[in-house]
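Every heavy atom of this structure was used, including side-chain atoms; hydrogens, water molecules and symmetry mates were not. Letters go in sequence order (proteins before strands), and every chain restarts at 1.
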There are 2 protein chains.
Amino acid sequence: MRCTAFHLLSDDESLCARLRGASAEPPHRLAAHGELATLANGEVALIDIASPGLPPLQAPFWRVQCERLKIGILSPSPSDGEGLLALEAGAHGYGHSYAAEHSLQQMLDVIASGELWVGRSLMARLLKGVRQASVVSGKGWQVLLTEREREVASMAAMGESNLSIANALGITERTVKSHLTTIFDKLDVTDRLQLALRIHGIR
Amino acid sequence: MRCTAFHLLSDDESLCARLRGASAEPPHRLAAHGELATLANGEVALIDIASPGLPPLQAPFWRVQCERLKIGILSPSPSDGEGLLALEAGAHGYGHSYAAEHSLQQMLDVIASGELWVGRSLMARLLKGVRQASVVSGKGWQVLLTEREREVASMAAMGESNLSIANALGITERTVKSHLTTIFDKLDVTDRLQLALRIHGIR
DNA sequence: TCACGTATCGTACTCAGGTACTAGGAGTGT
DNA sequence: ACACTCCTAGTACCTGAGTACGATACGTGA
């Protein structure tokens, strides 16, 4: 879905120029953030976060507007922290205001269709938050196991049941048990909890 | 940037039909996941995760291929968990294999340009993960528990059996079980392994 | 050819873990 | 006095996990 029309709040003429071909109609310029309140629900708006007089991203103003509008935040100096704030405020997108034209247009199209647009760096940061130390510090255990055993071991260490492991790997629960018995023996542990502690580097 | 050509691994004819107009050329069909290894670096491939014979997302196979290719994972029954696995494996996109044509095309264009494509639900999950990771997982579990429960919880999370916990604390095994039931309920986990993962800051 | 490792699967068994339902005593705040 | 939380504990029950016997098949190297 191509974005047909959108609003823009920015003093940056170069940004405006790059956005001129990004939708069927040229962007409608907003003079101040207060005008956001006058837009109809579901409309698309790009906000240059460097514009003077904007409330901080933590302000309730953004949560309210992001509820009803599709808002993309552009920053001349994007950071993961700022991106997190933007997304937590409910923004549909966060990106670089000096990004290339096709990149801006893509962001516009994505958020116009109701999805979220997030750059790679920020995405990596998000994943890191979820994953944390999930895939392990000590590598000693890996070299002791075969390829298949490593798969089973890491799933068991993440709390998966034998049955769900079996389904995920397309084998029988019995076979999973068989692998686990071998794994416990090789790593010198007695059960899956000890295995998890070992794999996640706790004692 | 429009995606010009891409590869597709799926048995689903309807999916293939919906993708026919999504790029300049019709999708090149792959017969088996092994063929991914024959593609040139940087090429775009959509993978229907329901295709028979695929290795699980945890398998090193995906990490390797996602390093060199731009891979989008499609699932007939997407879940946040599966999406996380896909992204952690290095996939550039994760979405619904029954998604509308324009949605699939958008995903294709986004990952072709090197960015990441993630649905709303999964994104929300990621954000929640960051918030929890930064706020809760540090000591959040401790404030939810009473003094006695903290003792039991930390011992259980270190792999102690109910009986040894009971002996250490001078109470009955039954009482330990009772505490644990309360603990599981408070921390919203199902067993001692999940408890250990929670307490040790893994997811 | 044969030994060996790896991956797969079967049946049967034991046992720790977890739940359901219940309940008494101690302490605390209203 | 009453409500509430916390710690304690009993019986009964179900289930997943792990083990103990197996077994077949495949590939590799001696």
Side-chain angles (χ1 to χ4, degrees), chain A residues 140-200 202, chain B residues 32-34 37 52-62 81 140-200 202:
Chain A
W141 64 278
Q142 300 191 20
V143 300
L144 294 174
L145 305 181
T146 68
E147 178 61 35
R148 200 55 156 170
E149 286 163 358
R150 273 193 293 273
E151 294 179 31
V152 174
S154 34
M155 293 186 72
M158 284 309 287
E160 299 292 327
S161 72
N162 289 340
L163 187 56
S164 73
I165 296 175
N167 290 333
L169 297 184
I171 57 180
T172 319
E173 185 179 4
R174 178 64 192 83
T175 304
V176 174
K177 287 185 175 184
S178 177
H179 284 308
L180 277 175
T181 300
T182 311
I183 293 167
F184 295 156
D185 189 47
K186 284 185 177 176
L187 298 186
D188 193 32
V189 295
T190 60
D191 54 38
R192 62 212 298 117
L193 212 179
Q194 304 294 335
L195 173 68
L197 296 178
R198 171 77 185 274
I199 282 186
H200 292 112
I202 300 134
Chain B
H33 69 274
L54 286 188
L57 285 169
Q58 295 90 341
F61 171 82
W62 294 113
W141 64 276
Q142 301 192 18
V143 302
L144 294 173
L145 305 181
T146 67
E147 180 60 34
R148 200 55 156 173
E149 286 164 355
R150 275 195 291 274
E151 291 180 303
V152 175
S154 13
M155 293 186 70
M158 284 307 289
E160 300 291 327
S161 72
N162 289 341
L163 187 56
S164 73
I165 297 175
N167 290 334
L169 297 184
I171 56 181
T172 320
E173 185 180 4
R174 177 63 191 87
T175 304
V176 174
K177 287 187 175 184
S178 177
H179 285 310
L180 278 175
T181 299
T182 310
I183 293 167
F184 295 156
D185 190 45
K186 284 185 178 177
L187 298 188
D188 193 33
V189 295
T190 59
D191 53 40
R192 63 209 299 119
L193 180 45
Q194 304 292 337
L195 173 69
L197 295 178
R198 171 78 185 272
I199 283 187
H200 292 115
I202 302 135

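- Of the two residues contacting DNA chain D, namely B:K177 and B:E149, the nearest-nucleotide position lying further toward the 5' end is that of B:E149.
- A donor-acceptor pair under 3.5 Å links the side-chain atoms of B:R198 to the main chain of B:L187, judged by distance alone.
- The CG-P distance, from A:L195 to D:dG16, rounds to 20 Å in whole Å.
- Checking side-chain atoms of A:S178 against main-chain N and O of A:R174 turns up no donor-acceptor pair under 3.5 Å.
- For B:T181, no side-chain nitrogen or oxygen approaches OP1 or OP2 of C:dG18 to under 4.0 Å.
- When heavy atoms are screened at a 4.0 angstrom cut-off, B:T182 is found touching no nucleic acid atom at all.
- Nearest nucleotide to the side chain of B:L180, out of D:dA17, C:dG18, D:dT8: C:dG18.
- Contact annotation: B:N162 does not reach the phosphate of C:dA16 (side-chain N/O to OP1 or OP2, under 4.0 Å).
- Remark on DNA chain D: of its neighbouring residues B:E173 and A:V189, the 5'-side contact belongs to B:E173, judged by nearest-heavy-atom nucleotide.
- Side-chain N/O atoms of A:R174 include none lying less than 4.0 angstrom from OP1 or OP2 on C:dT11.
- Between B:L169 and B:R148 the shortest side-chain heavy-atom distance falls below 4.5 Å.
- Closest approach to the A:R192 side chain among C:dT8, D:dT8, D:dA17 is made by D:dA17 (side chain taken as heavy atoms from C-beta onward).
- Checking D:dT8, C:dC9, C:dG18 against the side-chain heavy atoms of B:D191 singles out C:dG18 as nearest.
- Between the side chains of B:S164 and B:E160, at least one donor-acceptor pair of N or O atoms lies under 3.5 Å.
- The A:S161 side chain lies nearest to D:dA17 when the options are D:dA9, D:dA17, C:dT8.
- Nearest approach of A:E151 to A:S154, heavy atoms of both residues: O-OG, 3.2 Å.
- In terms of phosphate contacts, A:S178 brings no side-chain nitrogen or oxygen within less than 4.0 Å of OP1 or OP2 of C:dT8.
- For the pair A:L169 CG and C:dT6 C1', the computed distance is 15 Å after rounding to whole Å.
- Between C:dT6 and A:T146, no contact under 4.0 Å exists linking OP1 or OP2 to a side-chain N or O.
- Atom CE of B:M155 and atom P of C:dG17 are 12 Å apart (whole Å).
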Might you work through the side chain to side chain contact (heavy atoms under 4.5 Å, CB included) test for B:H179 and B:T146, ending with a clear yes or no?
-> CA-CA 10 Å; B:H179 285 310; B:T146 67; 5.9 Å; no
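- Close to C:dC9, at under 4.0 Å from its OP1 or OP2, lies a side-chain N or O of A:T172.
- Following rounding to the nearest Å, B:E160 (CD) and C:dA16 (P) show an atom-to-atom distance of 15 Å.
- Between B:I171 atom CD1 and D:dG10 atom P the separation is 11 Å, expressed in whole Å.
- Between A:K186 and A:G170, the one whose closest nucleotide on DNA chain C sits nearer the 5' end is A:K186.
- Taking atom CG on A:L193 and atom C1' on C:dG17, their separation rounds to 11 Å, with Å as the unit.
- Listed nucleotides C:dG18, C:dC9, D:dT19 differ in distance to B:F184; the shortest reach to its side chain belongs to C:dG18.
- The distance between atom CZ of A:R148 and atom P of C:dT8, rounded to the nearest whole Å, is 4 Å.
- As a whole-Å value, the separation of B:H179 NE2 from D:dC6 C1' is 8 Å.
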